[in-house]
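We name chains A, B, ... by the order of the sequence lines, and we start the count at 1 in each one. All of these numbers come straight from a predicted model, not from anything done at the bench.
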Amino acid sequence: MLDIRKVRANFDEVKEKLSKRGEDLSDFDKFSGLDEKRRELIVKTEVLKAERNNVSQQIATMKRNKENADEVILRMREVGEEIKELDDELREVEEKLNYIMMRIPNIPHESVPFGDSEDDNVEIRTWGERPEFEFEAKPHWDLGTDLNILDFERAAKVTGSRFVFYRGLGARLERALINFMLDLHIDEHGYEEILPPYLANRESLTGTGQLPKFAEDLFHVEEEDFFLIPTSEVPVTNFHRDEILNGEQLPIAFTAYSANFRSEAGSAGRDTRGLIRQHQFNKVELVRLVKPEDSYAELEKLTGHAEKVLQLLKLPYRVLNMCTADLGFTAAKKYDIEVWIPTQNMYREISSCSNFEDFQARRAHIRYRSEAGAKPEYVHTLNGSGLAVGRTVAAILENYQQEDGSVIIPEVLRPYMGGKEVITK
RNA sequence: GGGGAAGUACUCAAGUGGCUCAAGAGGUGCCCCUGCUAAGGGCAUAGAUCGCGUAAGCGGUGCGAGGGUUCGAAUCCCUCCUUCUCCGCCA
């Protein structure tokens with residue numbers, strides 16, 4: 001959510017910046033009228049409430065002195081009615097204002113390239129050597145199925161499309177990756193490990209920005225009004241929701257493994273085969289709560305932590321600075337890390353590293369005091385995948401495949417795989 | 001799933017409709033006393049948020065959350081949440 005005072009004071013400038021996202025801003029024009037109406041109603045209602053407070057004291061005194069207060073009470077009854085009407089009107093105006101504010105995306109940072117589509121994302125760097133095969137490389141779903149480590153058919157039977165069974169060394173590879181990533185972030189990068197709930201309530205999803213606008217992307221448990229988390233960003237960022245932190249605690253760095261659940265509404269027909277787009281997938285997430293002045297340096301740091309995983313796995317990748325059209329709702333700036341998928345002859349997203357500035361903190365009420373007694377300020381929140389595990393498995397299978405259909409296990413994972421060096425039939 | 005109890009500020013805690021627009025204590029901060037420390041004494045302490053105002057400041061909200069009754073609600077009524085506890089069930 002944007003700062004309502006800043007929007008008020010710099011309406012045209014804010015609107016101009018938001019328009020770069022290519023977002024429909026027709027609702028946004030109603031802001032000024034509603035904001036003014038709101039403050040006008042507040043003034044009116046507060047004058048009456050102040051009067052009511054005073055007169056109620058007078059009535060108390062009169063009653064104590066056994067004086068007749070009927071006339072005053074009658075008058076105050078009318079004032080009470082008037083307050084109720086104004087409060088109702090105020091509530092309506094605030095609901096409308098809130099409706100708009102909760103659906104306005106974040107303002108892009110000045111270092112974000114302008115663009116109309118994903119074609120305008122800017123490649124910042126590439127890393128690693130793409131493998132060259134002397135044979136026809138197989139897609140990871142064929143490799144996984146032939147090696148009997150992935151079973152899409154049975155998952156479709158047991159649950160439905162876009163689910164998978166990992167089996168044998170496949171399951172172990174997934175688990176090895178999770179542990180490898182967590183250990184790296186904990187031991188080398190200084191993160192604290194969190195194992196969060198996989199269901200979150202409406203307030204939490206609103207805090208991180210998935211709600212109210214993107215409900216159709218989520219699985220919903222109606223009975224309890226819980227949502228399956230689409231990323232552990234949700235429970236982990238909301239860990240400190242409605243809290244005022246001590247400035248000395250910052251930066252807070254959490255890493256969390258969780259399963260993630262996405263309805264993938266609207267992506268019918270895309271990536272229908274393989275591990276790239278599943279309704280349920282594993283991910284190790286990085287979350288940082290930082291002081292505002294540090295957040296852009298922190299974004300570089302966080303992105304580096306995610307890249308390190310790919311470097312140690314020796315998987316080729318590139319980093320993109322996402323343009324205004326491809327930023328997502330909540331981010332002020334976002335880097336996507338894309339891993340090389342040989343059979344698709346392209347890089348595919350494996351991590352998204354974002355600085356949300358105070359956009360999520362404002363929604364989730366996460367604040368800090370720079371020193372004891374100082375006024376609370378919003379923290380800046382960041383997160384990034386470190387990494388999406390299923391897509392990492394896809395990348396390993398495809399990049400490390402051999403002519404006979406076996407797959408070499410990256411060296412750093414072997415201690416997590418019982419010392420095995422290769423996955424064969 | 002069923003039954004009980006509770007939720008008040010940083011902590012503990014009083015408070016059954018108006019001299020409480022939250023008493024008191026602890027803690028914390030500042031000060032006094034003292035050669036130093038302890039003990040003792042004094043003062044301060046509702047954080048947060050919203051609105052008006054150039055500002056000093058003024059006002060609204062606030063007793064787990066949200067509604068309601070009333071001239072007036074921490075207090076009465078309704079719904080919900082959380083914690084503790086007993087019974088049942090369960091990994």
Side-chain angles (χ1 to χ4, degrees), chain A residues 1-9 11 31-102 195-207 211-212 220-227 235 238-249 259 358 360-379:
Chain A
M1 195 158 61
L2 302 180
D3 182 349
I4 197 165
R5 289 197 190 86
K6 270 192 197 147
V7 175
R8 184 185 298 154
F11 184 81
F31 171 86
S32 300
L34 287 168
D35 177 56
E36 246 169 70
K37 184 75 185 164
R38 168 174 174 267
R39 285 180 293 148
E40 185 189 313
L41 285 167
I42 286 174
V43 170
K44 277 191 194 168
T45 189
E46 284 189 354
V47 168
L48 292 176
K49 283 177 183 173
E51 186 190 355
R52 180 177 68 186
N53 286 344
N54 280 329
V55 176
S56 289
Q57 285 307 298
Q58 284 172 28
I59 292 172
T61 311
M62 291 168 83
K63 292 247 177 186
R64 236 175 281 123
N65 297 339
K66 311 266 191 239
E67 293 171 37
N68 186 318
D70 292 353
E71 203 179 303
V72 194
I73 287 174
L74 223 57
R75 208 181 82 225
M76 289 324 289
R77 190 174 294 169
E78 279 170 33
V79 171
E81 288 297 318
E82 210 175 326
I83 289 173
K84 199 171 283 182
E85 278 168 31
L86 287 170
D87 272 347
D88 287 345
E89 204 180 333
L90 178 61
R91 197 180 311 169
E92 257 176 61
V93 169
E94 286 188 329
E95 263 169 33
K96 284 183 192 160
L97 196 58
N98 196 42
Y99 183 95
I100 293 171
M101 292 306 286
M102 291 305 272
L195 188 58
Y198 291 0
L199 291 167
N201 60 30
R202 191 170 283 275
E203 290 72 24
S204 296
L205 274 300
T206 304
L211 291 178
H220 185 212
V221 182
E222 288 196 15
E223 185 78 4
E224 309 280 355
D225 200 26
F226 289 156
F227 296 83
N238 278 282
F239 185 80
H240 284 300
R241 175 155 55 82
D242 296 324
E243 292 184 26
I244 299 175
L245 304 164
N246 186 330
E248 286 161 26
Q249 291 173 258
D358 64 4
Q360 292 183 325
R362 198 174 290 282
R363 291 172 159 246
H365 310 119
I366 309 169
R367 292 174 293 174
Y368 79 104
R369 280 183 227 278
S370 50
E371 54 192 84
K375 250 186 90 74
E377 296 173 63
Y378 289 106
V379 302

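- Between A:Asn53 and B:G60 there is a side-chain polar atom (N or O) within less than 4.0 angstrom of OP1 or OP2.
- Remark: P of B:U61 and CG of A:Asp87 are 10 Å apart, rounded to the nearest angstrom.
- When each of A:Ala50 and A:Asp88 is assigned the nucleotide of RNA chain B bearing its nearest heavy atom, the one mapping closer to the 5' terminus is A:Ala50.
- Distance check on atom P: B:A13 versus B:A25 gives 16 Å, rounded to whole Å.
- In terms of modelled atom types and a separation under 3.5 Å, the side chain of A:Glu46 and the main chain of A:Val43 share no donor-acceptor contact.
- A gap of 13 Å separates the C1' atoms of B:A74 and B:A9, to the nearest Å.
- The side-chain heavy atoms of A:Met101 and A:Glu94, taken from C-beta on, include no pair separated by under 4.5 Å.
- In this structure, the CE atom of A:Met62 is 15 Å from the P atom of B:C71, given to the nearest Å.
- Atom-to-atom, CD of A:Glu51 to C1' of B:C58 comes out at 17 Å; the value is rounded to the nearest Å.
- Between the C1' atoms of B:U45 and B:A38, the separation comes to 25 Å (whole Å).
- In this structure, the side chain of A:Asn65 does not engage the main chain of A:Glu67 through any donor-acceptor pair within 3.5 Å.
- The distance from atom CE of A:Met101 to atom P of B:C50 is 12 Å, rounded to the nearest whole Å.
- For the C1' atoms, the distance from B:U37 to B:G26 is 23 Å, rounded to whole Å.
- The separation between A:Glu46 atom CD and B:G62 atom C1' is 13 Å, rounded to whole Å.
- For the C1' atoms, the distance from B:C10 to B:G66 is 27 Å, rounded to whole Å.
- Using a 4.0 Å heavy-atom cutoff across all strands shown, A:Arg8 reaches sugar-phosphate atoms only and no base atom.
- Comparing the P positions of B:G64 and B:C12 gives an interatomic distance of 13 Å, to the nearest angstrom.
- Taking atom C1' on both nucleotides, B:C50 is separated from B:U8 by 23 Å, rounded to a whole Å.
- Between A:Asp87 and A:Lys84, none of the side-chain N atoms (NZ, or NE/NH1/NH2) sits under 4.0 Å from a carboxylate O, so this pair counts as no salt bridge.
- For the OP1/OP2 pair of B:C19 and a distance below 4.0 Å, the side-chain nitrogens and oxygens of A:Asn65 include no atom meeting the criterion.
- When heavy atoms are screened at a 4.0 angstrom cut-off, A:Lys49 is found touching the sugar-phosphate backbone but no base atom.
- Heavy-atom distances to RNA chain B give each of A:Lys375 and A:Arg52 a nearest nucleotide, and the one nearer the 5′ end belongs to A:Lys375.
- Listed pair A:Arg77 / B:G72 fails the phosphate criterion, with no side-chain N or O lying under 4.0 Å from OP1 or OP2.
- The side chain of A:Arg38 sits closest to B:G51 out of B:U49, B:C71, B:G51.
- Listed nucleotides B:C19, B:G67, B:G47 differ in distance to A:Gln57; the shortest reach to its side chain belongs to B:C19.
- Across the P atoms, B:A44 and B:U49 are found 25 Å apart, a figure rounded to whole Å.
- Taking side-chain N and O atoms only, A:Lys44 has no distance below 4.0 Å to OP1 or OP2 of B:C52.
- Electrostatic pairing of A:Glu89 and A:Lys37 counts as a salt bridge here, judged by a charged N lying under 4.0 Å from a carboxylate O.
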